[in-house]
Number of protein chains: 2
Amino acid sequence: MSIRIGIYGYGNLGKGVELAIKQNQDMVAVGVFTRRPPESVKTLTGIPVYSASDVENMRDKIDVMIICGGSATDLPTQTPALAKLFNVVDSFDTHAKIPQHAANVQAAAEGAKTTAIISAGWDPGMFSLARLYSSAILPNGKDYTFWGKGVSQGHSDAVRRIDGVLDARQYTVPIDGAINAVRAGQTPDLSTAEKHERVCFVVAKEGADKARIEEEIKTMPNYFADYKTTVHFISAEEMEKEHSGLPHGGEVLRIGKTGANGEHTHVVGYSLKLDSNPEFTASVLVACARAAIRLNEGGMYGAKTLFDVPPAYLSTQSREELLGKLL
Amino acid sequence: MSIRIGIYGYGNLGKGVELAIKQNQDMVAVGVFTRRPPESVKTLTGIPVYSASDVENMRDKIDVMIICGGSATDLPTQTPALAKLFNVVDSFDTHAKIPQHAANVQAAAEGAKTTAIISAGWDPGMFSLARLYSSAILPNGKDYTFWGKGVSQGHSDAVRRIDGVLDARQYTVPIDGAINAVRAGQTPDLSTAEKHERVCFVVAKEGADKARIEEEIKTMPNYFADYKTTVHFISAEEMEKEHSGLPHGGEVLRIGKTGANGEHTHVVGYSLKLDSNPEFTASVLVACARAAIRLNEGGMYGAKTLFDVPPAYLSTQSREELLGKLL
């Protein structure tokens with residue numbers, strides 16, 4: 001019996017989920033649910049499109065709903081509402097609001113005896129797991145998370161809102177000296193701004209004052225003012241040709257000490273280099289859908305995260321294969 | 001209530017466990033169990049030493065026994081025997097024999113309603129987790145495991161057995177060209193010998209035929225014959241000064257493809273650089289002892305591996321801390 005997956009929301013992430021399901025032979029994509037007129041949406045692989053308002057009628061046809069909305073306004077209401085009807089997976093990534101989101105989803109899912117895996121993806125998600133494992137193993141140590149090189153959508157949007165800007169792309173880039181020091185086992189005190197620089201590519205309107213745009217970017221509070229920021233003005237053609245992808249990645253490092261007097265240093269690193277941020281995130285969500293079903297079958301209801309998932313639950317491989325080949 | 005840990009066996013690994021427990025404030029080391037005369041053993045931190053034959057009398061005083069014997073002859077009998085008395089953790093690392101070991105331990109632990117986490121450490125262990133997570137997320141992909149730079153005890157011992165050799169240390173070293181190609185997202189077909197070279201440091205007996213020793217090393221089947229091997233003859237003093245540590249490490253990489261036509265490449269890497277192989281392995285075992293208690297309290301009896309452990313079970317942090325700070 002294939003695991004029957006619904007996809008709620010059909011932007012970059014929803015499209016990534018649709019493609020990822022094709023790589024997993026134990027699953028089938030039942031369809032996409034959209035708030036747009038269904039007939040206006042054409043899916044990549046031809047799976048059906050339903051209206052989001054019809055979702056209640058599909059309870060018997062879907063084992064897990066993967067919710068592909070945004071963290072700012074969609075997921076805080078969508079995940080609790082859908083967890084009353086389905087096992088769900090989301091990628092809620094506003095770190096400071098995760099405890100509140102978890103509490104809201106817990107209340108909905110517990111009552112409905114569904115399982116909701118929230119905040120899956122890579123940060124939160126795989127990077128969180130890297131932080132948890134290495135801090136549990138090496139309690140006497142220090143964590144570092146570097147992001148990039150990759151496109152930050154929030155920072156790109158902030159630049160786009162400046163008067164005179166037609167289009168913009170912002171790359172977050174780890175500072176070589178900082179990341180190399182940590183990889184070598186050093187434990188410097190580093191702020192986020194001391195770990196990363198920001199590189200902007202901007203298409204300006206004809207006749208716009210580029211010096212003023214650059215100044216507005218570099219002095220923008222929170223987003224850029226504290227960082228070393230570089231601004232490049234390019235043509236719309238170059239933007240399309242060189243900067244249309246959504247690469248991202250980064251590295252989580254822990255430097256831990258052991259021995260009678262902390263004389264031995266250990267460097268644990270987890271790194272991602274992703275050609276497509278949404279497709280990798282989608283791939284994590286799809287593996288979590290498999291785990292959600294298994295948790296639910298074991299009576300583990302409520303709001304869960306990757307911290308609660310036995311790793312074997314994510315895999316299609318049998319216990320025999322896991323012990324015999326992968327361990 | 002502290003978790004009360006027993007340490008069964010007191011070589012490098014047992015000493016590492018003793019030191020690691022000191023870093024974990026929710027635990028206490030009850031004592032060491034040895035097959036040697038207890039009065040002949042002096043512990044690093046002054047914890048008591050008991051005879052291995054007294055272990056049955058300590059059932060009420062120990063929550064988890066960490067078994068620090070060797071995989072070749074100790075663990076195959078020790079782990080099933082001790083799992084009848086205690087929750088246990090071991091580092092059984094003969095990959096080909098893990099399924100049989102798991103079956104033996106399962107039979108013992110299930111009947112006694114104890115929980116046994118077997119084959120913990122870094123390979124098998126953390127490297128296995130890296131392989132499992134990334135293959136579950138990116139099913140269309142290819143795995144690579146590189147070991148080193150680090151001391152291989154088995155290969156060092158093999159060189160020591162050659163006539164005319166007083167002492168030897170063998171380092172396994174990943175081949176730069178191979179590891180860099182994979183890190184860059186390429187997927188070459190590589191044998192173990194194409195991924196690693198072997199570097200030997202040898203102290204020869206006075207007057208021994210060094211050319212013959214070097215030839216015997218380089219042509220030794222299984223251990224060296226298939227590898228690029230370099231042999232350095234050094235003095236006993238240099239061996240003591242430069243090669244007395246037990247560093248190790250390595251890197252697990254998966255290259256995965258996503259997209260409608262596999263057009264996006266993702267590189268997932270997990271790396272370890274360890275000053276002390278036994279102390280890091282011991283640190284993993286100690287975190288697993290915490291998980292073993294929690295699994296047992298949840299009624300999950302029998303032989304388990306890190307694949308079965310919800311990551312949160314390894315950590316001292318509360319759910320609130322994990323969701324609020326680490327996720």
Side-chain angles (χ1 to χ4, degrees), chain A residues 16 19-20 23-24 44 95 98-99 102 119 124 126 128-133 135-140 185 249 256 258-260 263-276 279-280 282-284 287 290 305-312 314-317 320 322-324 326-327, chain B residues 16 19-20 23-24 44 95 98-99 102 119 124 126 128-133 135-140 185 249 256 258-260 263-276 279-280 282-284 287 290 305-312 314-317 320 322-324 326-327:
Chain A
L19 294 175
Q23 295 192 341
N24 289 276
L44 293 173
H95 288 262
I98 289 174
S119 298
M126 301 313 298
S128 319
L129 282 173
R131 290 186 285 260
L132 172 59
Y133 277 117
S135 64
I137 294 167
L138 297 170
N140 179 14
T258 66
E263 65 272 26
H264 292 135
T265 297
H266 308 283
V267 182
V268 183
Y270 180 79
S271 68
L272 294 173
K273 273 188 285 188
L274 312 175
D275 270 1
S276 165
E279 287 180 7
F280 184 82
S283 298
V284 177
R290 181 179 297 121
T305 72
L306 277 163
F307 292 166
D308 304 307
V309 176
L314 297 165
S315 174
T316 54
Q317 295 185 63
E320 289 62 41
L322 292 176
L323 293 187
L326 215 61
L327 195 67
Chain B
L19 295 175
Q23 295 193 342
N24 289 276
L44 293 173
H95 288 261
I98 290 174
S119 299
M126 301 312 298
S128 319
L129 282 173
R131 290 186 284 260
L132 172 59
Y133 277 117
S135 64
I137 294 167
L138 297 170
N140 179 14
T258 66
E263 65 272 26
H264 292 134
T265 297
H266 307 285
V267 182
V268 183
Y270 180 78
S271 68
L272 294 173
K273 274 188 285 189
L274 312 176
D275 270 0
S276 166
E279 287 180 8
F280 184 83
S283 298
V284 177
R290 181 179 296 120
T305 72
L306 277 163
F307 292 166
D308 304 307
V309 175
L314 297 165
S315 174
T316 54
Q317 295 185 64
E320 289 61 42
L322 291 176
L323 293 187
L326 214 61
L327 196 68

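In what follows, chains are A, B, ... by sequence order, proteins preceding strands, each numbered from 1.
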Residue [X] versus chain A: region with a heavy atom under 4.5 Å:
| X | result |
| --- | --- |
| L272(B) | both |
| A260(B) | both |
| T316(B) | neither |
| L129(B) | side chain |
| L19(B) | side chain |
| Q317(B) | side chain |

Contacts of type side chain to side chain donor-acceptor pair (under 3.5 Å), residue N24(A), not counting sequence neighbours: R290(A)
So what's closer than 4.5 Å to chain B heavy atoms on L314(A): side chain, backbone, both or neither? both
Check each atom of V309(A) against the heavy atoms of chain B and say whether the ones under 4.5 Å are side chain, backbone, both or neither. backbone
Who wins among [options] for the most heavy-atom pairs under 4.5 Å with chain A?
| options | result |
| --- | --- |
| G185(B), G259(B), S119(B) | G259(B) |
| P124(B), P139(B), A130(B) | P139(B) |
| A102(B), A287(B), S315(B), S283(B) | S283(B) |

